[in-house]
Every structure is written in C-alpha cells, then in structure tokens.
Number of protein chains: 2
Amino acid sequence: MAFSAKTEYGLVSLLELAAIHPQGGVLQVAEIAARQGIPDRYLEQMLTSLRRGQILRSIRGPRGGYQLARPPAEIRIAEVVVCLEGELASRGTAARQSAEFEVIGGLEGRLEQARQAILEGTSLQDLLDERDQRLQSQVMYFI
Amino acid sequence: MAFSAKTEYGLVSLLELAAIHPQGGVLQVAEIAARQGIPDRYLEQMLTSLRRGQILRSIRGPRGGYQLARPPAEIRIAEVVVCLEGELASRGTAARQSAEFEVIGGLEGRLEQARQAILEGTSLQDLLDERDQRLQSQVMYFI
DNA sequence: GGCATCCCCAGCGATGTAGTTGGAAATACG
DNA sequence: CGTATTTCCAACTACATCGCTGGGGATGCC
C-alpha cells in the first residue's frame, strides 16, 4: 500500500474528527479506536504526533479528547503525511556520482513530485466530501 | 527514496547495457559493479531477477555476461520495477470496512495510479536519451 | 481524593532490506 | 581433457523499521 498503517490510522481519525468539526466535535482515542477497529494504545501515538504537528488539539482529563486545530479545508494531506511518516529527514540516499545514477535519481524525483502534487492538492475537506458522498450513495442503495 | 537499492542497481545496470545495445553489447556483473561502485555478488541477484523476467539474456562461461533481451524502446520501466521489487503479490492490505478507510484507500489508489502512469510511460530508451543528453552537456562545460 | 483521560517512552516480535558467502553448473580456451 | 572464468542457486547474517504492547506520570473534572 501507499501508506503505512500509522498514516492510514491517522487519516481515518482525522476524517472522523472532520465529520463533526462544525459542532466543534471532540472524540477520545478509545472511541475512534473502537469504531475503526484499531488498537487504541497504538492510535494514541499517531494522535500525539498530529498534536505536535499542530493539526490536532487535545483536551486532558475526564470528558477530554482530541479535536481539529483548524477547519478541514485548511489541512492539507501532505502536511498530515509528513507529520505521521516521521519526516525521515534527508530520506534521500547519498546519490552515487555517475550519469546513470543521476538519471535514475531524476526519475525518482519525478515520481515523488507527482505524489507530492496529489497530497498537496488534497485537503481533509476534500476527503470528507468524498466520504459523505459515499455514505449518501450507500443510503440510496438501501432504499 | 522512491526506489529500493535493488531497483536502483538494476536500473543503472540496464542503462549501461542499453548504452551499448546497438553493438549487441555484453557486460559482466563484475564490470558493471566496479564501474558503479556496487557490491558485485549483490548485483548478481538483481541481474538474475531481470533474466528471469525476460528483460536480460545471459551468457555463461568465460567471455560471458549479460545483454538486453529486447531493444531499450521496448522495455518499460514499470516492468523492470515489478521484476526487481519482487511483486509482493497483493501488497494491498486487507481493507478495513468503514467509509473512512475506503476513502483513504481511494486516495492511495490515485497515488499508485499516478506512479504507475509515470513508470508505464517511461521506457529504458527514454532514460538512455536523458543520460546521453546529460553526458553531452558535461562535455560542453568541459570545453 | 478518585477516576478518567491524555502524555511520554521503553521494549518486543515479526518482517524486510542490504549485503555476504559457499559452492554447483556451464563453457571458452589452451 | 583440464582449467579458469563466469553465471546460477540458495542459504545466511546484521540491522533497521513496523506494528503493537506496557508501565507509569501529568492533568483536570467531579
């Protein structure tokens, strides 16, 4: 798959929070984990990363939980992925110095650029819309 | 990086072989490895994969080596990558059944589709042209 | 104070990646 | 024929990462 479990779990959680954002919605780790079938102690770590990345805000104590730090339209998926994938600073390997390696490096650059374009061009709101549409058509079939 | 070392090494080797293909060129593992600074016993495995994938042909015994099984224009990079990355059949994870996971899955699909489009749309000849152009401009600077 | 909830960080098993090694089979060449 | 050269096959190691679990600690509502 294109994403690690970390990233998938984080994005799914953000989607859940985005869905109730207009109501200023707050969800607890355990709630999200139960609904999505994710180990809660693991999910905790992703939400912590997202908080450190200023994407989530947390509320401690009883009746606490997490909520989006910004409206979904202002959260780019690229940002989320960087935050969850751990950056892996200078993931680029020490480029070997031959014309052949440079050409391959160029191809890799184009691949990552294409990926980045999609991730930058998609906001959490876009995914939320997609989700709502999906749920909508499920209801249609149901009737 | 977008590629594993395996894939990079394999592609670099293919580039070297493509460069001398019009002369029906043959190179030995040790030659390529030395020129590119790759451990030769490791590179051996990549070239074996490429042979099994019908991308290379091998000649055994003294004065043996490897050569392209087809002209570079007929070798798509997508094919090479599949061959080297080991396929990892059904790399796709067991998709969780929630609207949120489905939406994320959709995004992953678009990412992989974009990647695939580039890899399908690039032939070994394309990379070879890029290499030659790069070498050409190096000479320019040299003068 | 007590309980619910987030916070931090350490560790663990499975898997994958990069590379090494040992030897068997084919074949050109003298 | 014999030997050196080269590919072929398959196992093995070292290390990192991934997905996940666990133990406490901090905070804050009641």
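Residue numbers begin at 1 in each chain, while the letters A, B, ... track the order of the sequences. Values below: every heavy atom of this structure, side chains too, minus hydrogens, waters and symmetry copies.
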Any side-chain N or O of A:Tyr9 under 4.0 Å from OP1/OP2 of D:dC20?
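Yes, within the criterion.
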Please determine, by modelled atom types, if B:Gln133 and B:Asp129 share a side-chain donor-acceptor pair under 3.5 angstrom.
no
Using a heavy-atom cut-off of 4.0 Å across all strands, would you classify A:Ile59 as base, sugar-phosphate, or nothing?
sugar-phosphate
Taking atom [atom2] of [N] as reference, at what distance in whole Å does atom [atom1] of [X] sit?
| X | N | atom1 | atom2 | result |
| --- | --- | --- | --- | --- |
| B:Gln67 | D:dT6 | CD | C1' | 15 Å |
| A:Ile32 | C:dC6 | CD1 | C1' | 13 Å |
| A:Tyr66 | C:dT5 | OH | C1' | 9 Å |
| B:Tyr42 | D:dA14 | OH | P | 17 Å |
| A:Leu47 | D:dC20 | CG | P | 14 Å |
| A:Gln45 | C:dC12 | CD | P | 15 Å |
| B:Phe3 | C:dT17 | CZ | C1' | 17 Å |
| A:Glu31 | C:dA4 | CD | P | 15 Å |

NZ/NE/NH1/NH2 to OD/OE distance under 4.0 Å, [X] and [Y]:
| X | Y | value |
| --- | --- | --- |
| A:Glu79 | A:Arg70 | yes |
| B:Glu85 | B:Lys6 | no |
| B:Glu130 | A:Arg110 | yes |

Does A:Phe3 offer a backbone N or O that forms a donor-acceptor pair with the side chain of A:Thr7 under 3.5 Å?
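No, because the side chain of A:Thr7 does not come within donor-acceptor range (under 3.5 Å) of the backbone of A:Phe3.
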Do the side chain of A:Thr122 and the main chain of A:Leu119 share a donor and acceptor less than 3.5 angstrom apart?
no
Select one nucleotide: of C:dA18, C:dT5, D:dT21, the one nearest the side-chain heavy atoms of A:Gln28.
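The answer is C:dT5.
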From C:dC7, C:dG19, D:dT21, nucleotide with atom closest to A:Ser58 side chain:
C:dC7
Candidate pair A:Gln36 and B:Phe101, rule side-chain contact (heavy atoms from CB on, under 4.5 Å), full reasoning:
CA-CA 8 Å; A:Gln36 297 292 341; B:Phe101 267 109; 3.3 Å; yes
Closest nucleotide of DNA chain C for A:Ala30 versus for B:Asp40: which of these residues is on the 5' side?
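Closer to the 5' end of DNA chain C: A:Ala30.
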Annotated protein contacts, base or backbone, on nucleotides 23-30 of chain D with a non-hydrogen cut-off under 4.0 Å, one of B, S, - each:
B-BBBBB-
Are B:Leu68 and B:Leu14 side-chain neighbours, meaning at least one heavy-atom pair lies under 4.5 Å?
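Yes; the side chains approach each other to less than 4.5 Å.
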Side chains of A:Leu17 and A:Val26: closer than 4.5 Å at any heavy-atom pair?
no
Within residues 49-56 of chain A, residues whose heavy atoms come under 4.0 Å of DNA chain C:
A:Arg51, A:Arg52
